2 protein chains.
Amino acid sequence: MGSENSGSKRELSERKKQILKAIIEAHIELGEPVGSKYLTSNKHIACSSATIRNEMAELENMGYLEQPHTSAGRVPSEAGYRLYVDSLIDSYRLTEREIEELRTSLRKKQAELDSILDTAIRLASSMTDYTALAAKPRKVRVTVSHFEIIRTDERSMILVLLIGGIVKTRAIRSRVPIGDEASGRLEAILNKKLTGLTAAEITMPLMMEMEREMGADEYLVEPVVKGICETISAFDGGELRFDGIDRLLSYPEVYGGERLRDMLTLFERKQDLLDVFSETEMQTGDDGSVKIYIGRENLVKTMDNSTLVYKPIKRGGILVGAIGVIGPTRMNYSRVIAMIDHLSSGVSNLIEEGDERSD
Amino acid sequence: MGSENSGSKRELSERKKQILKAIIEAHIELGEPVGSKYLTSNKHIACSSATIRNEMAELENMGYLEQPHTSAGRVPSEAGYRLYVDSLIDSYRLTEREIEELRTSLRKKQAELDSILDTAIRLASSMTDYTALAAKPRKVRVTVSHFEIIRTDERSMILVLLIGGIVKTRAIRSRVPIGDEASGRLEAILNKKLTGLTAAEITMPLMMEMEREMGADEYLVEPVVKGICETISAFDGGELRFDGIDRLLSYPEVYGGERLRDMLTLFERKQDLLDVFSETEMQTGDDGSVKIYIGRENLVKTMDNSTLVYKPIKRGGILVGAIGVIGPTRMNYSRVIAMIDHLSSGVSNLIEEGDERSD
DNA sequence: TTTAGCACTTGAAATGCCTGAGTGCTAACT
DNA sequence: AGTTAGCACTCAGGCATTTCAAGTGCTAAA
C-alpha cells in the first residue's frame, strides 16, 4: 500500500526477482513453504529477514506468492511459476553423462516409431523422476496410401494398409476358398478405388461399383471394405502411452487421496489428455519448442496442481507426436525442460535420419 | 487343548463351515473384522454369540481365521479364503443383463486379438470393479512363417512378417534406389531361407549365403536380416495390458501408502507379472479352467494381500493369452470368478469362430 | 531504507482420557 | 456334553487439551 507498485504489476526490482527465484527454487527442492529466515542463508540475497519479509509481502500482493496460512512461509503461485519459467529460470546444462545416456539408449532402438516412443518415455520418466507420456495426435484426415493382400492359406488372407507411413493389418477369413487370382484382382481394385479416401468417403455406390468389377468374387468385397473402414476409423483416434505412473506417489502432498484417483482415471481414460495435445497448437502451425502448462492453464480440470511439459516430435517437418512429462507444479523445471527438449529432438532426428541412411 | 480337533485339520463340522462362510462373506462385503455378535443376525446361524465365539476360537486355532488385535473381530486368513473358494462358495449366476452386456460389448469388436483383449479388460474391470489385466504369454519358439515386402517408394520398403498368426512390420530404407526386381528376389530368398527359424538360428554363414544369392544387390541383405532378427527378438517377450488401475484406490486398507507404490511398480515393470502367467501351467498342459491365486500363493512378493483370478484363452486348442482381474484378498470371489469365466470363454469363442465364418 | 525486536497467530505433534466393540472365561442351564 | 448368559479385560479410535516452533506483521531504532 506504500507509494511504490501496490498490486499493479509494472516491473519487478532486481531484488524482488532474486527473492522470488530463490523462493521458487527452495520450494521446488524442499516441497515446503519457505520462510524469510531460511532465505537469508542464500548467498545471492544480502539483506535481513525483515527486509525479505517486506519484499515477500509485496510479492504476495502482486500475486506471485501465496500463504497457506498465517504462520507459514510463502509458496509460489501459478503466476509465480509462470514468471519463473518465462524469465527467471537458469537453463540447465545436461551433463556429458546424461547426454550420453540419452543417446545410447535411444540408438539401440532403431525400429518403428512406436518402440522408439516407448524407449523415450521410459528414459524421460527415469531421468526426470516424473511421469512421462508420449502422444500420437489425432489425425485430421486418415487415408490409406497403399493396400496389399497377403495370402496365408486358401481361406484366409491378411490385409495390409499403409496409413501415413504406419502399417496396419487386418485378418480376413472366408468360408469358401479364395482364388489367388481373385485376391490379386481385389488388391488392384482397392488400390485403384480407395487410396486417398477417408472412411467417410467410402460410400455404398463405390462399394457396389467394386463388387461389379470383382465379378464372380464379389462376395469378398463387403467384408474387406468393412474391415478397412473399421481399421481406418480405429486409427484416427490418437494414441497415448505412459511410463512411471508410480512416481506420482513421490509427491503425496499433491497426489494424495482423491487427487491421485482423479489422476489415474485421467490416465486411463486417455481421451482428455489426448485432447490437450490436439487442441493446442500441435495441430496448427507451431514453432516446435518446449511447451509448458502450469496448473490452471491446463484445459483439464484434474490437472491444476500439475504441470505438463512437452515438446512436439516432427518428421520431415510434419508433426507425428509429442513427448513430455507431467508432475507437480513444483517440478524441477530447468532440468525437465532440458531433458524433454533434448529427448524430443533426439527422437525427431532419429526418425528423420532414418530417411537418409540405411543401417 | 480340548478333546476335539485341536489344530489338526480333519474335517469341519457343518456349523463351522457355515460360520466361516458367513464371516468371509461379511468381511468381503464390509471390509472390516467381523465379530460374534454381528453373526447372530445371519439367518443361517441359529446360536448365540457365545457359541459363535467358541467356534471362532477353534477356527482360529485351525488357521482359518486371524485376529488383528485382541479386541477386534476376526478376519479370514489366506487358508480361510482358499477353503472358501475351494469348497464353500456358492457359484454366482450372472444376470441376463450382465450376460447381455458382455455379449454385445464383445461382439462389436470383431477385429484382431489385440483389440478384442482391450475391450475385454475394459469390460472385466468395469463389471467387477477391480483392476483387470490380459496377457499374451511369452512364446517358446518364435519363427516367421511368411515374409512379404511392400514397396513404398524407390528407396524404401516395408517388411511384413507373419509370426504365429500375428503380423509384424518393419520399415527398411536404403540410401540408393532399390529395384523392383531386387526386392522381389529378396522376398523369395527370405521365404526360402528364413521361414521356420528362430532368431538364434539365423547364422552368419546363412546370411552370407543369402548375400551370394542376391548378387549385385547384396547390400540389402544385412540391414534386412538385422531388422528381422530384432523384430523376432522383440516379439518373444509377452505382452501385458491393464485397465482400471484406479480401482486399486477403492481399497485403501490394502493398497495404501507403500503398498500402492509397489503395486504400480509391478504393473509398470510388467515382467514379474508376465512371469506369473508363464511359470504356471499356462505353458504346459492345462485344463483351461479359472485359476485363483490367493495372497502368498502368488509367486510375486508384492502380491500378498492380493488375489489374482484368471482364465486362459485358447484358439484351436492352443493357448494364446489369458484374461483376469487382480484385487484385494477380500474380493467378491463368486462374482469375479463367474465374470472371468464367462468373459474368457467369450473371447475364445469369438476368435475361434472367426476361423469358421466370414462376416 | 534497512534492521532488530517483540507480540501474535496458528498448524502440527504430543498427551491423556474415555468409550465401545469385542473377546475369553467361568458358571449356570438344558 | 453342548449351549448360553454374564462379567472382567483389552485395545484402537476419537476427542479435547496442551505444548511447541515456525513464521509473520508491525513498530521503533539505526
Side-chain angles (χ1 to χ4, degrees), chain A residues 1-7 12-16 18-20 22-24 26-27 29-42 44-62 64-77 252-253 256-257, chain B residues 1-7 12-20 22-23 26-27 30-42 44-62 64-77 252-253 256:
Chain A
M1 307 288 166
S3 59
E4 220 203 341
N5 39 13
S6 59
L12 290 176
S13 73
E14 202 50 42
R15 191 171 65 187
K16 280 203 181 57
Q18 280 292 352
I19 290 178
L20 180 56
I23 290 177
I24 291 182
H27 180 65
E29 193 180 353
L30 305 174
E32 280 161 16
V34 2
S36 56
K37 195 168 172 190
Y38 178 85
L39 289 182
T40 55
S41 62
N42 184 305
H44 295 109
I45 298 177
C47 48
S48 77
S49 66
T51 312
I52 296 176
R53 278 201 291 282
N54 289 334
E55 296 283 51
M56 290 203 298
E58 289 188 39
L59 282 169
E60 181 171 358
N61 257 343
M62 294 185 226
Y64 295 125
L65 293 179
E66 282 167 2
Q67 220 174 356
H69 60 260
T70 325
S71 73
R74 300 304 212 289
V75 158
S77 69
E253 342 83 66
Chain B
M1 319 270 166
S3 60
E4 222 203 342
N5 41 14
S6 58
L12 289 177
S13 73
E14 202 49 44
R15 192 172 63 189
K16 279 202 182 58
K17 284 185 189 171
Q18 280 292 352
I19 291 179
L20 180 56
I23 290 177
H27 181 65
L30 305 174
E32 279 162 18
V34 2
S36 56
K37 193 168 173 188
Y38 179 85
L39 289 182
T40 55
S41 62
N42 185 304
H44 294 108
I45 297 176
C47 48
S48 76
S49 66
T51 311
I52 296 176
R53 278 202 290 282
N54 289 334
E55 296 285 51
M56 289 202 299
E58 290 188 40
L59 283 169
E60 181 170 358
N61 258 343
M62 294 184 228
Y64 294 124
L65 293 179
E66 282 167 2
Q67 221 175 356
H69 60 261
T70 326
S71 73
R74 300 304 212 290
V75 159
S77 70
E253 342 83 67

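Chain identifiers are assigned alphabetically (A, B, ...) following the order of the sequence lines, protein sequences preceding nucleic acid strands; residue numbering begins at 1 within each chain. These figures come from a predicted structure and were not determined experimentally.
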Within-4.5 Å side-chain heavy-atom neighbours: A:Y38 and A:L30 | yes
Nearest-Å distance for atom pair CD/P, residues B:E66 and C:dG22 | 18 Å
Closest heavy-atom pair and its distance - B:I45, B:A22 = CD1-CB, 3.8 Å
Given atom NE2 of B:H69 and atom P of C:dG20, what is their separation to the nearest angstrom?
-> 16 Å
Could you tell me the separation between the CD1 atom of A:I52 and the C1' atom of C:dT1, rounded to a whole number of Å?
-> 15 Å
B:K17: partners by salt bridge (Lys or Arg N to Asp or Glu O under 4.0 Å), with sequence neighbours left out | B:E11
Whole-Å distance between C:dT2 P and A:K16 NZ?
-> 10 Å
Hey, are the side chains of B:S48 and B:T51 touching, using non-hydrogen atoms and a 4.5 Å cut-off?
-> yes
Would you please name every residue forming a salt bridge (Lys or Arg N to Asp or Glu O under 4.0 Å) with B:E60, sequence neighbours left out?
-> B:R74
Closest non-hydrogen atom pair between B:L65 and B:M56, with its separation | CD1-O, 4.0 Å
Could you encode protein contacts along nucleotides 15-30 of chain D as a string, one character per nucleotide from 5' to 3', using B for base contact, S for sugar-phosphate-only contact and - for no contact, with a heavy-atom cut-off of under 4.0 Å?
-> -------BSBBB----
Figure out the CD/P separation between A:E14 and C:dT1, and round it to whole Å.
-> 18 Å
d(CG, B:L39; C1', C:dG22) in whole Å | 12 Å
